[in-house]
Each structure stands twice: as structure tokens, then as C-alpha cells.
Amino acid sequence: MKPVRPVYVVGGMSTSFIGKGHPDFVWKGHPDFGKRENPTLEDHLTAAILGTLAETGVAAEQLDRGFVGNFAGETFSSQGHLGAMAVRAHPALHNKPWYRFEAACASGGVAMASAVDALQGGADVVMVVGAEVQTTVSPREGADFLARAAHYSRERGIDEFTFPAMFARRWKAYSEAFGATEAELGHVSFKAYENANRNPRAHMTKVKKTLEWAQRAGDDNPRFLKNVELRDFLKVSDCSQVSDGGSGVILCTEKGLERLGKSRSSCAELAAYGVATGPLAEVADYTQLSTTRAAATVAFRDAGITARDVNVLEVHDCFAITEWLMLEALGFADRGQARELTLSGATSIEGRLPVNTGGGLIGFGHPVGATGVKQVVELYRQMKGLCGAYQMPRTPEIGVTVNMGGDDRTAAITVLRNLA
Ligand code: CAA
């Protein structure tokens, strides 16, 4: 969808993404265990809303509407009705229209697309915020909640860790079809940890890992699936994190810029989005992401770009193999060839096509509903030189985000253009 009324990204922020391995996250081994609690879903939502207002210098009074991305508030936190929860953040938000969007791990991405639609329909300044808390239960119990992003009655049984198993199935098919090796795939996770180590907001900011660790299973990198056919095709290092966090961004129209007193050059333009939805439990070919490809075709066409024009990418590396599948679905590599981009260093921060500069879902973390919003915030921050130790050497002109729900069942893609 190409906005008829131009849409500007004014700015945004993300809270620290936290969970096991992050120094602020309280669990059994932490010195604060029993003394303080981790932030709740409301805490992350509120921090993202107030932080985004503070970061952009926008007043709550100036917002027309709010869009909340969240997947599983009801199961992890016994909390729904998140529009009404969000407006508790500031009295000036009371009685404005705020509502929640759910599309599994693409909840933030579809909230973003819906916000763009609202700007076409008459709103001039909106906030998109995503938040998720998943650490209220063990990863094993949480895997059952996350499995609701699949066709639960048909797919839950693949493994207790349903989603990790679904992507092990993709890696099995891909490695068998194209001869890619676990040692090669390890470079994807290693890059994610390295980038996260340069990003103070990342879940894995302090967790140092070697390439060798990411390349093979071991006592400190176990294969944890029970499914005997898939067990050998996944280890902990291939997986995104079970994270808590929030992220927010402000979008506006030309009239909105006037209201906020902002210049075009302080913004990025959201040139186009593409959203595609595929039927649950009907993946025809595990070696490609056909729904992502459909969304990308629309987004690239409507933005008037090709893969060659893109300078930076935020892709949904829920598992290491997904990064390669996304590069191929978007046309950055032929099928079976994405490893060349990784192995050549092209996808590193200093490379010609940096991918997931802040660490992606494996390194920055994956608080599900926040992820699609965080991706847009990250591109904006790269475009405006705000990324500190993980800033790309060359200012990007065009960036693309890809946010995915389920096993490639919802894909939400945005194209951002830097304005100078
Ligand atoms: N040896 C053998 N097994 C071990 C082990 C070891 N040394 N250490 C751990 N395990 C196994 C155990 O079975 C353990 O479970 P129990 O303790 O309950 O028996 C299991 O691994 C998990 O162990 P931990 O709780 O210690 O693991 P962790 O906290 O480090 O978590 C992880 C690791 C399980 C990989 C977790 O990070 C995870 O689940 N990541 C994936 C999250 C996910 O699936 N997100 C959704 C992505 S899909 C998407 O984005 C699309 C969508 O719409 C859903």
C-alpha cells in the first residue's frame, strides 16, 4: 500500500528488552531474587508510551489515536483490553481512540499498517506501541501459549516446543535441499550476539558467545526438542529469546508535521507497506517463505524500489534459518544462496547490506508484540545516526522491515526512506 497522504516517521524508542541472561532480569540466580519483581506488561507498555513521547518531544495531547501490538497478554499476564490499559499511561490520552492488534509475532507490524491506514482516513498524528511479557512462566509453558500462533489443534503436537520444532522442520528441509551446513548457519547467530553486544538495550547485551559455540551443539548449547526427526536440526543458539519489553513510534501526515512543529528532514518517510496472510497449517514448501514474498512484492512495487536499492534490513530472525529464508523471499539472494551474503560479511554492520544491526530477535530479543514496532524504530535510528556503537558507517537511504506471524502465515513489511 502506497500512502496517498505521505506518512512520516517522527521517531521512537524501545525499552531494554530483558529476560534470562540480561543483568536487570530477576530470576533464580539473581542477587535481587525475592526482593524485587520484573516489570509487568503494563509497566512495559507505559514505559514505551512515555519514553516515545519524551524521545520525540511530542505531547500526549497532540496524538489523535493509538495502536497497540500485543500477541498474548491474556495467557502470559491475564490481561486483555490493552487499548484501555495503554491510556492509563497519561491523563491526556483518556477518551482518545486506542485499540489493540493481534497477529501473533506480527502484531506490531499489523498495528503499524493499521496506523498508516488511519493516517489515510483522516488522523494526523498517531502512536504505534508494541509490548509483550513472556517470562511469567517457564519457556516450556510459554511454548504452549506461543503455539496458539500456529493451528493449535493440528500443529501443537509436533513438539512441546512447537515453534522451535516448526523451524527445525524448515532447516531440515533447507539443509537437505541446498546442502547448507550447521557450521554455516552458526554465522547468523554469532552475528546477532556480536551486534547485541554493541547495543545497550539488547537482551543479550552482556552475553558473549564465540562463533564455535554457535556452530555446534554441546552441553552449553543443547538440542532440546523431543521430536526425534527434528531434534538434530535445532539447538539453543539457533533460537530467538523469550524476552519482555516495549517499543513505540510516532507517525504523522504533512498536517501532523505542522502540528508538531517538526521538519521533514528530521523524519523518515514510510514509503509503502505490504501485508499478506496465508492459511494456518498450509505451508506448501518449507524451503521458502511464500507469504513474506507476497507482502514484499507489494511493498517494493508500491515504494518503487527493487532489492538493489535497499541499504539496511530488519528481518524477523525468530530462528537463524529464518534470516536466510527472508533474504531469499525478498530477492536479496537466489533460493539456497543466502548463506553467501552471511559468509561474505555483507550482512554485518560494516557490510554492504547490514541486517539486524541491533542484534535482531536472537540478540536484541523478541518480546513478540513489540518486535514489529522495534524494527521501524531501529531503521529510523540508523537513518538519523542514533545507534551509537552499532551505527552503520554509511547513512542508509532506504531500509526495509519484515515482521512475521506464525510460520510465515502473516507477513508485515514496511519500506522507509530517509529524508534529508
Ligand atoms: N541439556 C539438555 N536439555 C536442556 C539443557 C541441557 N543442558 N538445558 C536446557 N534443556 C532443555 C530442557 O528440556 C529445558 O526444559 P525444562 O527445563 O522445562 O525441562 C528446555 O531446554 C528449556 O531450557 P531453559 O528453560 O533452561 O532454556 P532457556 O531459558 O535458555 O530457553 C529456549 C532456551 C528454550 C531456546 C528459549 O529461548 C525459547 O523457547 N526460544 C524460542 C522462543 C520462541 O519460540 N519464540 C517465538 C518465535 S516464532 C515467531 O516469531 C512467530 C510467531 O508468530 C510465534
Side-chain angles (χ1 to χ4, degrees), residues 17-22 25 27-29 69-72 75-76 101-110 130 132 134-152 155-156 158-171 189 192-193 203-204 207 209 213-214 217-227 231 234-244 277-278 280-281 283 289 291-292 315-323 325-326 360-372 374-375 402-412:
F17 287 1
I18 63 169
K20 226 189 262 180
H22 189 281
F25 180 72
W27 66 296
K28 283 191 294 253
N70 171 267
F71 170 44
T75 47
F76 284 107
F101 291 78
E102 188 276 304
C105 299
S107 297
V110 298
E132 203 82 46
Q134 304 175 93
T135 59
T136 49
V137 298
S138 73
R140 184 182 294 279
E141 289 169 88
D144 182 52
F145 299 158
L146 291 170
R148 289 152 170 79
H151 189 305
Y152 192 87
E155 298 182 304
R156 173 65 179 128
I158 182 174
D159 195 275
E160 260 188 288
F161 287 95
T162 305
F163 268 92
M166 290 170 97
F167 283 84
R169 183 166 64 186
R170 283 192 176 273
W171 169 239
S189 300
Y193 279 84
H203 185 152
M204 289 294 155
V207 178
K209 294 294 182 188
W213 171 79
D219 288 346
D220 60 347
N221 190 12
R223 302 194 190 280
F224 60 91
L225 298 179
K226 293 275 189 309
N227 181 315
R231 188 182 159 75
L234 194 87
K235 51 197 182 306
V236 166
S237 61
D238 299 320
C239 301
S240 59
Q241 306 309 318
V242 174
S243 315
D244 302 341
T277 318
L280 286 177
V283 175
L289 303 177
T291 309
T292 299
V315 302
H316 193 99
D317 57 326
C318 51
F319 298 92
I321 180 55
T322 325
E323 180 157 321
L325 292 172
M326 291 211 154
L361 283 61
I362 294 174
F364 201 148
H366 184 25
V368 170
T371 289
K374 177 219 63 177
Q375 291 176 325
V402 190
N403 185 205
M404 186 174 85
D407 185 2
D408 186 43
R409 300 299 78 195
T410 295

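For ligands, and for the atoms within them, numbers begin at 1 and follow the listed sequence.
The side chain of Phe161, and not its backbone, has at least one atom closer than 4.0 Å to an atom of ligand 1 (non-hydrogen atoms only; side chain from C-beta on). With a 4.0 Å heavy-atom cut-off, ligand 1 is reached by the backbone of Cys105 and by its side chain too. Of the heavy atoms in Asp219, only backbone atoms (N, CA, C, O) come closer than 4.0 Å to ligand 1.
In this structure, of Phe145, Phe163, Phe224, the residue bringing a heavy atom nearest to atom 48 (S) of ligand 1 is Phe163. When the heavy atoms of Cys318, Gly19, Ser237, Ser138 are ranked by distance to atom 47 (C) of ligand 1, first place goes to Cys318. Of the candidates Gln134, Arg223, Arg140, Met166, the one placing a heavy atom closest to atom 14 (C) of ligand 1 is Arg140. Checking Asp407, Val242, Asp317 against atom 38 (C) of ligand 1, the nearest heavy atom belongs to Val242.
Lys374 forms a cation-pi arrangement with Phe364, by the criterion of a distance under 6.0 Å to the ring centre and an angle within 45° of the ring axis.
Trp213 contributes no side-chain N or O that, together with a main-chain N or O of Ser237, makes up a donor-acceptor pair within less than 3.5 Å. Remark: side-chain polar atoms of Glu132 are not paired, donor with acceptor, to backbone N or O of Ala370 under 3.5 angstrom. Listed for the Arg156 side chain is a donor-acceptor partner under 3.5 Å among the backbone atoms of Asp159. Of the possible donor and acceptor atoms, none in the side chain of Asp317 sits under 3.5 Å from a partner among the backbone N and O of Thr322. Under a 3.5 Å cut-off, the side chain of His203 and the backbone N or O of Ile362 do not form any donor-acceptor pair. Although no hydrogens or angles enter the test, the distance criterion places no donor-acceptor pair under 3.5 Å between the side chain of Thr410 and the main chain of Ala106. With hydrogens and angles disregarded, no donor-acceptor distance shorter than 3.5 Å links the side chain of Glu141 to the backbone of Ala143. Remark: the backbone N or O of Gly69 is not paired with any side-chain donor or acceptor of Ser107 at under 3.5 angstrom. With hydrogens and angles ignored, the 3.5 Å screen pairs no side-chain donor or acceptor of Glu155 with any backbone N or O of Ala147. A donor-acceptor contact shorter than 3.5 Å is absent between the side chain of His366 and the backbone of Ser240.
When each atom of ligand 1 is checked for a heavy atom of Ala149 under 4.0 Å away, the hits are 53 (O), 54 (C). With ligand atoms numbered from 1 in the order given, ligand 1 contributes 44 (O), 47 (C), 48 (S) to contacts under 4.0 Å with heavy atoms of Phe319. For ligand 1 and Cys239, the ligand atoms under 4.0 Å from any heavy atom of the residue are 35 (C), 40 (N). Atoms of ligand 1 found under 4.0 Å from any heavy atom of His316, numbered from 1 in the order shown, are 49 (C), 50 (O). Taking every non-hydrogen atom of Gly405 and a distance limit under 4.0 Å, the qualifying atoms of ligand 1 come out as 53 (O). Those atoms of ligand 1 with a heavy atom of Ala104 less than 4.0 angstrom away are 53 (O).
Any N or O atom pair closer than 3.5 Å counts here, and Lys20 shares at least one such pair with ligand 1. Inclusion of Gln241 in the set of residues having an N or O under 3.5 Å from an N or O of ligand 1 is not warranted.
For atom 31 (O) of ligand 1, the closest non-hydrogen atom on the protein side is Pro139 CG, 4.0 Å. In terms of protein heavy-atom proximity, atom 46 (C) of ligand 1 is nearest to Leu146 CD1, 4.0 Å. In terms of protein heavy atoms, atom 53 (O) of ligand 1 is closest to Gly406 N, 2.5 Å. Scanning the protein heavy atoms around atom 1 (N) of ligand 1, the nearest turns out to be Pro222 CB, 3.6 Å. At the top of the distance list for atom 41 (C) of ligand 1, counting protein heavy atoms only, stands Ser240 O, 3.4 Å.
Asp408 and Thr292 share a donor-acceptor pair across their side chains, judged by distance under 3.5 Å alone.
Of the protein's heavy atoms, none falls inside 4.0 Å of atom 17 (O) of ligand 1. For atom 23 (O) of ligand 1, no protein heavy-atom neighbour is found at a distance under 4.0 Å.
The CZ atom of Arg409 lies 12.0 Å from the NE2 atom of His151; values are rounded to the nearest 0.5 Å.
Taking a 4.0 Å cut-off on heavy atoms, Phe71 fails to register as neighbouring ligand 1. By the 4.0 Å heavy-atom criterion, Pro164 is counted among the residues contacting ligand 1.
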For this session: Show the numbers, then the answer: is there a salt bridge (charged side-chain N to carboxylate O under 4.0 Å, His left out) between Glu160 and Arg140?
Result: CA-CA 7 Å; Glu160 260 188 288; Arg140 184 182 294 279; 2.8 Å; yes
